[in-house]
Each structure stands twice: as C-alpha cells, then as structure tokens.
Amino acid sequence: MAVPMLRWVGPGRRCALAWVDRSSRHRREAPTGSTSNGTREQSSVAQQPLRTAQKLRKGEHKWAAVVGLEIHAQISSNSKLFSGSEVCFAAPPNSLVSFFDASLPGTLPVLNRRCVEAAVMTGLALNCHINKKSLFDRKHYFYADLPAGYQITQQRLPIAANGNLMFGVFVGSKRSHMATRTVRVKQIQLEQDSGKSLHDDLRSQTLIDLNRAEGQLRVDANISVHHPGEPLGIRTEVKNLNSIRFLARAIDYEIQRQINELENGGEILNETRSFDCKLGCTVPMRDKEGKQDYRFMPEPNLPPLVLYDTASLPARAQPQQVINIDQIREALPELPSVTRERLVQRYGMLPEHSFMLLNEVGLLQFFQNVMKETRAEPKTVTSWVLNVLLGYLKHQNLAVSESPITPSALAGLLDLLDSKAISSSAAKQVFEELWKGEGKTAVQIVSEKQLGLMQDREALEQLCQSTVEGHPRVVMDIKKGNPRAINKLIGLVRKAALNRADPAMIKALLEKLLA
Amino acid sequence: MLGRTLGEVSVALKQGQITPTELCRKCLSLIQKTKFLNAYITVSEEVALKQAEESEERYKKGQSLGDLDGIPVAVKDNFSTSGIETTCASNMLKGYIPPFNATVVQKLLDQGALLMGKTNLDEFAMGSGSTDGVFGPVKNPWSYSKQRREKRQQQAQGESQAAEWLITGGSSGGSAAALAALTCSAALGSDTGGSTRNPAAHCGLVGFKPSYGLVSRHGLIPLVNSMDVPGILTRCVDDTAIVLGVLAGHDPKDSTTVQDPVKPFTLPSLTDVSKLCIGIPKEYAVPELSSEVRSLWSKAAGLFESAGAKVIEVSLPHTSCSIVCYHVLCASEVASNMARFDGLEYGHRCDINVSTEAMYAATRREGFSDVVRGRILSGNFFLLKENYENYFIKAQKVRRLIANDFVNVFNSGVDILLTPTTLSEAVPYLEFIKEDNRTRSAQGDIFTQAVNMAGLPAVSMPAALSHQGLPIGLQFIGRAFCDQKLLTVAKWFEKQVQFPVIQFPELMDGCSLVFENEKLASVSLQQ
C-alpha cells in the first residue's frame with residue numbers, strides 16, 4: 001500500500017515546546033521593542049550577500065525577519081504519555097505497543113504522572129506561568145501512522161505559558177563577542193506522538209512502527225520577513241527539522257529566499273516547506289497539509305489536569321494523586337543562567353566563557369575541581385580548561401568524563417606555571433605528556449624532561465653574552481634603532497636555553513648587556 | 001426458573017435447586033428457540049458452558065464467589081470481550097476479536113457470571129429501535145406474548161395485524177430482548193441518550209443508567225464519550241442493585257471514573273415516602289406523548305401523592321433545546337471517535353490499494369452504514385474551524401444550561417423527578433421504519449437524552465401494560481451520584497405496581513418451565 005509522504009513525524013511521546021517569538025500567528029500585532037529577541041536581522045545572513053548594493057532603493061534596504069519555532073522534544077520517561085507501555089530506544093518495531101497505542105476501540109488514555117512533572121519542571125526552568133488547570137484536545141487528521149485519526153494535545157489551555165529563555169550568541173565581525181538574547185516562550189504543551197512511517201518506495205509500501213520512541217528533537221520553523229515599522233510579512237512553515245544545524249541553515253536560507261522573492265516583485269505564500277539538507281534549500285511540500293482543518297475538539301476522556309501549589313493543596317489529598325508545583329520548584333537544580341551569573345561574579349569570567357563551561361557536560365565540574373586544588377588565577381584556569389583541555393577533547397572526540405587528565409593533574413601543572421617554575425611553552429609540553437595518561441605528575445615530568453625554568457642567573461647571563469657575540473649583525477640592527485630586532489636575540493637565547501628560560505628575564509639581561 | 005429474578009436464581013443456585021450447568025443449558029436452549037427474535041449476534045455457548053462448569057465446581061466446594069456466581073448474563077455487542085467477536089453491528093468490525101475485556105465484563109466474569117453471548121444493537125449504538133444494524137432488526141418478545149394476544153382477541157383485531165411484530169426500542173434492544181425472552185438473568189446495555197432505558201421501557205424491564213463516572217467505560221466502544229455509560233437491564237430493582245454493586249467504582253483505565261470507593265449494597269425497603277418530594281417536569285408533557293402514557297404518568301404521580309409524598313410540578317426550561325444540542329455534540333464526538341476505523345489496524349479493509357487515501361475512503365464507505373456516515377459528516381462540519389464557535393461551543397453552553405436546570409430543580413428541594421421514558425408503547429416495525437433514523441432517534445430519546453447531558457442517574461421502571469398488552473415504562477431521575485437513593489425510590493414504586501412477568505407458553509413448552517409469578521397488571525395502575 002502506497003502512502004504519499006504527508007509528514008515525517010518523529011516518534012515518541014513528547015512535550016511540545018512552542019517557542020514563539022513575535023509569532024506571525026499574531027501578524028496584526030505591531031513589532032515591539034528593539035532588534036533582538038529571536039528576530040533574525042539581515043546581519044545574521046551576511047554570509048549570503050545575495051543582495052547587491054545597486055538593488056537597494058533609498059529607505060527600503062532594511063529587512064527584519066521574524067522566526068517562531070515549534071519544538072517537539074521527547075520527555076525522558078519510562079512509559080508513554082497516555083499508556084503504560086514502555087519507552088525504549090531501538091526496540092524492535094511494534095514491540096512496545098499497548099492496546100491504547102494501537103487505538104483499539106474502547107481503550108482510553110491515562111495520563112502519565114512523570115510526563116506531567118517533567119512538563120512542569122520544563123515550564124519552571126523556562127520561567128513560564130504554570131497553569132493550575134490545563135485541558136487536552138484532539139487534533140484530527142488521517143495518516144497511516146496516526147491510528148486513532150487524532151492526536152491528543154493541549155491546544156487551548158496548555159500546562160505552561162508565557163515564559164522566556166536567555167541565551168548567548170557570538171556577535172561582531174569576528175564573532176568573538178558574546179551578547180545575551182531572550183526568546184519568549186508562548187506555551188508548553190503535552191502532546192501524544194504519532195507513530196513512525198517507513199516508506200519503501202521500491203515496493204511502494206509503507207510500514208508503520210507504533211513504538212513511537214526515537215528521535216528526541218523535531219522543530220518546525222515559522223518564518224517571515226518585513227520592513228521594520230511595517231506589518232509582519234506572510235509566513236511560511238519549514239517542517240520537520242531534526243538538528244540545530246539544519247534548523248539554522250533552513251532559517252537562513254528561507255529568510256534570504258523570502259527577501260529575494262519580495263525584492264524581485266514576487267509574493268510569499270502561506271505554505272508548508274521542507275528543508276532539503278543535501279541541496280541546502282527549502283522546497284514547498286507537495287501536499288496540502290498547511291491548509292488542513294484539524295477540527296480541534298476537547299478530549300472527553302481526560303478530565304482537566306489540575307495542579308496544586310502548597311497553598312492550594314487540598315487537606316486530605318493523597319500525595320500520589322496530586323502534583324505540587326512548589327515541590328517540583330524546590331527540586332529544580334540550579335538553572336544554567338544562575339550558574340553562569342555566579343561564575344562571572346565570582347571569578348570575573350567573561351560571559352562567553354561561562355556559556356562555554358556550561359555547554360559541555362561535566363566541564364563546569366572539571367573547572368571547579370581544578371579551582372579547588374590550584375593556586376593559579378581563575379583566568380589562567382579558565383583559559384587552560386577552555387582553550388587547551390577542551391581543544392584536546394574535541395580533537396579526539398572525547399567527553400569530559402573520558403579526559404585522560406584529571407582535574408588534580410591539571411591543577412598540579414598550573415601550580416608550577418603559577419610559581420614560574422616552568423614557562424608556558426614548557427607547560428604545553430607537560431600537558432602533552434600528561435595527556436598520554438601514564439600516571440606521572442607534572443612535577444615528575446618537569447624533572448625528567450628538565451623542563452624547569454633556568455634559575456641560574458649567571459648561566460643565563462653567559463648564554464646571553466655568547467649569543468650577542470655570535471650575532472653582531474643583529475646587534476647592529478638593534479643599535480640602529482630597530483625595536484623588533486631584540487626579539488630575534490631573545491628567541492635565540494631561549495633556543496640555546498632549551499626553552500627553559502623566562503623570556504622576560506632574558507630580555508632584561510640582553511638590554512643590560514647592550515646598554 | 002428462567003422467569004425468576006436474578007436474586008431468586010442466585011438463592012436457587014446456592015440452595016442447590018438447580019446447578020449452573022443446568023441453568024446454562026436451559027438458557028442456551030431458549031436462545032435457540034428464540035433465535036427469530038435476533039437478540040443475539042454471537043452466542044458464546046462454549047465459553048458459557050465452561051464458565052458454568054467452573055461455577056459448579058465452586059458451588060460443590062462451597063466456594064461460591066457471590067450473588068453473580070453461575071448467573072447467565074448477556075452483553076451488548078459494543079462491549080469488548082476477550083476472544084469473542086465484538087461487532088457493534090457494523091460491517092466495519094465484523095470479525096474483530098478484542099484481546100481484552102471491557103472492565104464491566106471483566107467484573108461480571110470475576111464474580112462468576114456466565115457470558116451467554118453478545119447482543120444485537122443499532123450500528124455503533126446509533127438508533128432508538130435496534131433496527132439499524134447489519135444483522136437486522138431485533139423483535140420485541142412481547143410481540144408474541146400471551147398478554148398481547150389476549151388483549152388483541154378482546155379487541156377483535158385481525159390476524160394480519162396480530163402478526164405484526166414490534167420493535168424493542170434501542171439501541172440496546174438485543175440485550176432487552178434477550179432478558180425479556182428469559183434467556184438470561186441480567187444484561188448489559190449502554191446508554192448515551194437513552195439506549196438502555198428506551199428498550200427497557202418497551203420490553204417491560206428495569207433499565208438503569210448510572211451516574212456518569214460511577215461505572216467504567218473502558219472497553220465500551222464509544223458513541224459519545226462524554227455521555228456514554230454502561231447500562232444495566234434486569235427484571236427487578238434489587239437485581240440492578242446487585243449488578244451495580246459489582247460494576248461501580250474507580251477504574252484506573254478510565255480517568256473519568258470517580259475516585260471514591262464504592263461498596264456493594266442492598267436497597268432498603270421504603271415504607272414511608274412522606275418525606276419525599278417528587279418533581280414532575282412540565283416541559284415533558286409534549287403534544288406527541290400518547291394519552292395512555294400520559295395518564296399512566298399522572299397515575300404514578302398520584303400513587304406517590306396518596307402515599308404521603310409531596311408531588312410538585314417543576315420546570316426544566318431548556319428541555320426543548322436538548323434534541324438539537326444532543327445532535328451537535330453527538331455527531332461531533334462520533335466524527336472524532338470513528339476516525340480510528342481506517343482499515344489499517346483492525347476491522348474491515350477494502351480491496352482498493354492504489355493509495356492510502358483511496359483505501360481509507362473505500363473502507364469507510366463499505367464499513368459504515370448511511371446513518372453512521374451521516375453523523376460523521378455532520379460532526380466534521382460542526383468541528384470545522386469556521387463552524388466550531390457557532391455549533392460545538394454553543395451546544396456545549398446549552399448543555400451546561402440543561403445540566404443547570406436539573407441542579408436548580410434538585411436544589412429547590414426535589415428528590416426525584418418522575419417522567420415518561422418513551423412517547424408511547426413499542427410500535428410495529430413497519431410503522432417505525434417509515435421515519436428516518438434521525439427523526440426516530442430524536443423522538444425516541446426525547447425524555448432520556450437530557451439526563452445523559454447532565455450525567456445524572458436515571459432508571460426506567462415498567463409501570464403497566466397498555467390496552468395492547470404492551471409494557472409502558474416511566475422514568476425516575478436522581479441527583480448525580482445519588483444512584484442508591486434513586487433505586488430505593490424505584491424499588492418502592494416497583495412494589496406498588498406489581499408489573500407482570502411476560503408469558504409465552506408455546507416457547508416455554510420444551511423447556512418445561514413453570515411461571516411462578518403469574519400476576520397480571522397491577523391493581524393500582526390497571527388501565
């Protein structure tokens with residue numbers, strides 16, 4: 001049986017996060033505020049300079065883009081949103097399907113407590129208002145991997161709404177400066193997922209897997225462009241983006257496409273598009289999915305979902321029958337924005353460094369463990385963790401937990417650097433030795449490889465003396481007033497000292513000799 | 001034995017007057033003889049006999065499971081039964097064998113009941129005659145009763161007319177016919193707009209619709225989820241209480257069931273009704289109401305009044321809106337609920353395979369009757385974005401007004417409402433099919449559907465035989481979750497009217513049955 005591909009819905013029960021910022025769903029609403037807030041300015045697609053200067057007409061050259069994301073994220077739970085059947089990655093097809101999942105007539109949905117708690121927690125983490133009463137709706141459409149003919153979701157009154165998330169982006173010509181942005185979250189809703197369709201074009205067959213537990217992220221992006229100060233443009237929806245990279249590429253492409261279309265006198269259709277990741281462009285989807293009427297209706301088999309806080313908790317409530325928002329709030333770990341702020345305050349760290357520390361699992365912990373054991377400055381530790389350690393890990397595709405260098409080992413190395421026992425280039429060599437993971441300490445390596453800085457001033461003076469004598473031309477240059485010529489001498493002395501001499505000290509000695 | 005109440009049969013089983021196997025065989029034999037009634041779609045003979053054997057073993061060991069152990073029951077064919085075909089009287093589900101039991105079926109079986117079979121209905125319970133299913137119409141056993149024949153002879157009506165058979169009402173007509181034909185001791189129906197009470201009234205039975213949320217719907221193939229409840233058909237109110245005691249209570253598989261624990265209960269025998277206030281809704285005195293039902297209704301009211309109860313006229317002002325409101329809500333939920341029948345996972349699938357859409361369309365065209373397709377079409381119309389506010393939302397608001405009507409009446413001091421169940425006694429099939437399903441459903445449910453929209457408990461009680469010798473039922477409506485009180489009042493009424501047991505000696509001949517409760521229509525309500 002052939003099924004034309006209508007949508008490729010990723011499976012699993014999921015919590016749909018509708019992150020909508022100045023969504024074109026409210027197209028009549030005038031743009032507010034300044035330029036940030038998730039809107040993509042023209043500058044963000046500067047790497048695709050499709051518009052040439054001569055095309056610009058006076059006063060009409062600036063475009064602003066508005067992007068709203070519908071993010072489907074799978075909840076980490078042991079069983080499905082509305083049935084007791086298990087969730088397990090890579091289970092054999094249709095092996096985890098309850099009677100409800102197969103939509104046998106007469107079966108009814110039963111809400112999974114864990115999923116509700118996860119949704120509340122997500123809502124709190126995203127600064128949302130948690131609705132103490134939320135409702136479930138049926139969204140109807142016919143598709144082979146949707147056995148009930150409808151999906152249970154929270155269209156009208158979702159579990160959480162009106163939140164925001166702060167995040168950092170690199171800006172500036174070299175993308176070196178970190179700026180903070182805020183994206184508004186319109187709503188968070190619990191949504192049952194469809195199954196998975198596997199299209200066998202060769203045999204013109206479609207196979208259905210109702211396990212629905214794979215693929216953790218799927219994003220639909222709504223995109224429009226307009227001139228600032230004018231009403232928002234017509235939006236298009238690019239569906240089923242399943243990685244952050246493709247999401248960014250699809251949005252950049254679509255913004256540029258819309259601008260080109262409009263500047264060439266064309267118009268934007270309110271249509272559904274898909275992203276061709278091989279060609280890097282968006283194309284209209286052939287079906288009329290965008291025009292479907294989903295015939296929303298309240299789900300009659302699920303009473304309103306009522307949540308409590310400590311103040312509203314009924315006196316005789318059984319703990320297993322109620323969910324207390326305050327309790328979940330208390331159980332929340334420190335949120336990343338708070339942690340980042342703390343790092344900036346305590347260590348005088350750059351905001352971008354705080355983002356980097358938090359973006360890698362385990363890196364913050366590693367950093368903090370090094371800080372506990374070393375006398376080195378936070379700035380030095382940050383630099384070594386982010387520039388050296390992280391670079392090595394990325395290069396070998398290792399997780400922080402797999403690092404061959406322990407926090408203590410790095411702390412030992414940084415102590416030697418801090419006390420000027422070794423030069424920073426020698427420190428790199430020590431790091432490389434430590435990376436081999438042979439169990440030696442930094443001190444051992446320094447002593448074995450004789451990497452310690454020359455502490456003998458007389459010996460160093462002699463080295464300087466002989467270098468000056470051996471390179472009269474360079475000395476001439478210096479005397480003629482070439483300020484950079486001394487660097488050459490410093491380099492030569494360092495080499496002669498097998499990289500074990502402090503360049504500052506060499507410079508001082510040379511200047512004294514040549515004075 | 002077969003004419004007795006469930007309670008009496010239970011005593012006979014406990015006392016060893018009859019064994020479960022003997023009882024089961026008698027019922028099976030009568031099911032065969034009454035096959036022409038078309039009450040059963042599937043007779044689960046083997047299952048029933050095996051259950052009877054097991055029950056017999058328990059009785060022998062003195063380990064009876066309770067009042068329902070060894071009791072033959074029939075179940076409407078829209079309740080899922082594990083391993084037994086469940087069709088909803090639709091081509092769409094012919095051959096569908098559920099892998100699980102509906103909670104109510106499981107509870108009956110857990111108590112040792114014998115499942116005699118699955119009973120006929122209107123397709124997907126959409127109807128009020130039990131005439132619109134793919135297995136053909138159900139015939140009302142009273143068509144062939146001695147009582148009706150005698151009345152007809154008195155009135156010297158022609159033979160041809162006498163041969164006219166009557167509908168059972170519906171949509172649980174198969175369950176009502178199975179029970180009225182004495183092939184079981186209790187039966188399960190479903191009630192969305194009156195589907196249990198309506199056939200109960202036409203077949204001279206107690207037909208009970210519990211409060212919404214008291215009894216699990218898990219496994220009941222839905223018509224309108226927000227109104228459906230499993231219904232109980234029995235010969236007397238005490239039997240209803242026995243069955244309700246087993247079925248009621250929270251079900252983790254149905255989130256709309258109440259959490260409060262429910263225990264089995266016995267109904268007290270009321271001796272004093274002087275503290276009762278009975279409300280008579282004036283809006284129910286519609287012009288279409290037959291004069292016979294109308295006069296029986298006022299006689300019943302008089303019965304309470306003369307026993308000292310306060311009987312007052314009350315108003316349910318939004319009653320006239322209920323049919324239209326019900327139509328919109330019912331069609332909308334039907335459109336949604338029927339979406340799952342696409343031929344992919346189970347049930348009928350057409351031979352067309354050019355595309356999924358073509359397969360869906362042909363499957364649903366072949367699988368559903370015109371009645372079902374008509375409701376799906378109108379339901380989808382009501383749910384369209386452009387219509388949702390004007391139809392669905394409005395109907396929901398009207399539903400709230402209708403529910404509030406009842407709340408207001410009960411808050412004004414009324415304990416129980418007394419109304420007719422149907423406009424008239426059962427009509428001949430040929431008469432019935434002159435109107436289309438929608439008109440018939442609207443008429444058939446006129447007194448019953450508002451109760452479903454309000455989620456209240458209601459019971460249709462057989463009150464008397466008509467001039468034609470046919471049963472007439474009256475309806476009692478109670479406050480939400482005051483099911484026990486409602487049944488207590490119904491029990492008092494039952495005792496006053498002494499409704500007769502159906503008699504058809506020819507059928508019974510081979511069964512060597514003796515009817516022990518041969519009482520004709522009651523003294524107090526004799527027409």
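In what follows, every chain begins at residue 1, and chains take the letters A, B, ... in the order their sequences are listed. Basis for what follows: all heavy atoms, side chains included, without hydrogens, waters or symmetry-related copies. Quick caveat: nothing in here was measured; it's all calculated off a predicted structure.
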Exercise for review: Give a yes or no on whether A:K139 atom NZ has more than 12 heavy-atom contacts from other residues, nucleotides or ligands under 6.0 Å away.
Suggested key: yes
Practice item. Working to the nearest 0.5 Å, report the span between CZ of A:R295 and CG of B:N380. Key: 4.5 Å
Check your understanding: If you measure only the distance, is there a donor-acceptor pair under 3.5 Å linking the side chains of B:S336 and A:H140?
Key -> yes
Check your understanding: With side chains defined as the heavy atoms from C-beta onward, is the minimum distance between A:P300 and B:E333 less than 4.5 Å?
Key -> yes
Exercise for review: Tell me, yes or no, whether the heavy-atom count around B:R400 atom CZ, taken from other residues, nucleotides or ligands under 6.0 Å, exceeds 12.
Suggested key: no
Point to revise | chain A contact via B:F79 - side chain, backbone, both or neither, heavy atoms under 4.5 Å | key: neither
Point to revise | chain A contact via B:K385 - side chain, backbone, both or neither, heavy atoms under 4.5 Å | key: both
Check your understanding: Based on non-hydrogen pairs under 4.5 Å, which of A:S83, A:S103, A:A102, A:G149 is most in contact with chain B?
Key -> A:S103
Exercise for review: Tell me, yes or no, whether the heavy-atom count around A:R114 atom CZ, taken from other residues, nucleotides or ligands under 6.0 Å, exceeds 12.
Suggested key: yes
Review point. Checking B:D342 against chain A: side chain, backbone, both or neither under 4.5 Å from a heavy atom?
Key: side chain
Review point. B:N387 versus chain A, heavy atoms under 4.5 Å apart: side chain, backbone, both or neither?
Key: neither
Check your understanding: Contact part of B:N78 toward chain A, heavy-atom cut-off under 4.5 Å: side chain, backbone, both or neither?
Key -> neither
Check your understanding: Could you give the distance from CG (B:D251) to CG (A:L108), rounded to the nearest 0.5 Å?
Key -> 8.0 Å
Point to revise | Closest contact, heavy atoms only, A:F142 versus B:A339 | key: CE2-O, 3.4 Å
Revision key, fill the gap. Smallest heavy-atom separation, A:G106 atom then B:P222 atom, equals N-CD, 3.9 Å
Point to revise | Residue pair A:P298 / B:Q396, side-chain heavy-atom distance below 4.5 Å | key: yes
Practice item. Carefully, step by step, assess A:T107 and B:R340 under the rule side chain to side chain contact (heavy atoms under 4.5 Å, CB included). Key: CA-CA 12 Å; A:T107 53; B:R340 71 187 57 214; 4.1 Å; yes
Check your understanding: Where on B:I221 is there a heavy atom nearer than 4.5 Å to chain A: the side chain, the backbone, both, or neither?
Key -> both
Exercise for review: Taking atom CG of B:D351 as the centre, report whether more than 12 heavy atoms of other residues, nucleotides or ligands fall under 6.0 Å from it.
Suggested key: no
**Study point:** Segment of A:Q321 engaging chain B (4.5 angstrom heavy-atom cut-off)
**Key:** side chain
Revision key, fill the gap. In this structure, CG of B:L383 is separated from OH of A:Y294 (nearest 0.5 Å) by 15.5 Å
Check your understanding: Is there side-chain contact between B:Y346 and A:L104, with heavy atoms separated by less than 4.5 Å?
Key -> yes
Study note, to complete from the structure: Nearest heavy-atom contact between B:S332 and A:M297 is O-SD, 3.8 Å
Point to revise | Engaged part of A:F100 at the chain B interface, taking heavy atoms whose separation is under 4.5 Å | key: neither
Study note, to complete from the structure: If one checks every heavy atom of B:F341 against chain A at 4.5 Å, the contacting part turns out to be side chain
Point to revise | Test item: A:Y150 side-chain N/O and B:N337 main-chain N/O as donor-acceptor pair under 3.5 Å | key: no
Review point. If you look at every heavy atom in A:A144 and B:Y360, which pair is closest and at what distance?
Key: N-OH, 3.1 Å
Exercise for review: Enter the distance from A:R138:CZ to B:N225:CG here, rounded to the nearest 0.5 Å.
Suggested key: 5.0 Å
Check your understanding: What's the spacing between A:F99 CZ and B:E345 CD if we round to 0.5 Å?
Key -> 14.0 Å
Study note, to complete from the structure: Nearest heavy-atom contact between A:P105 and B:S80 is O-OG, 3.8 Å
**Study point:** Proximity of residues 97-106 of chain B to chain A, residues having a non-hydrogen atom under 4.5 angstrom
**Key:** B:P99, B:F100
Point to revise | B:T256 to A:N301 - nearest heavy-atom pair and separation | key: CG2-O, 3.7 Å
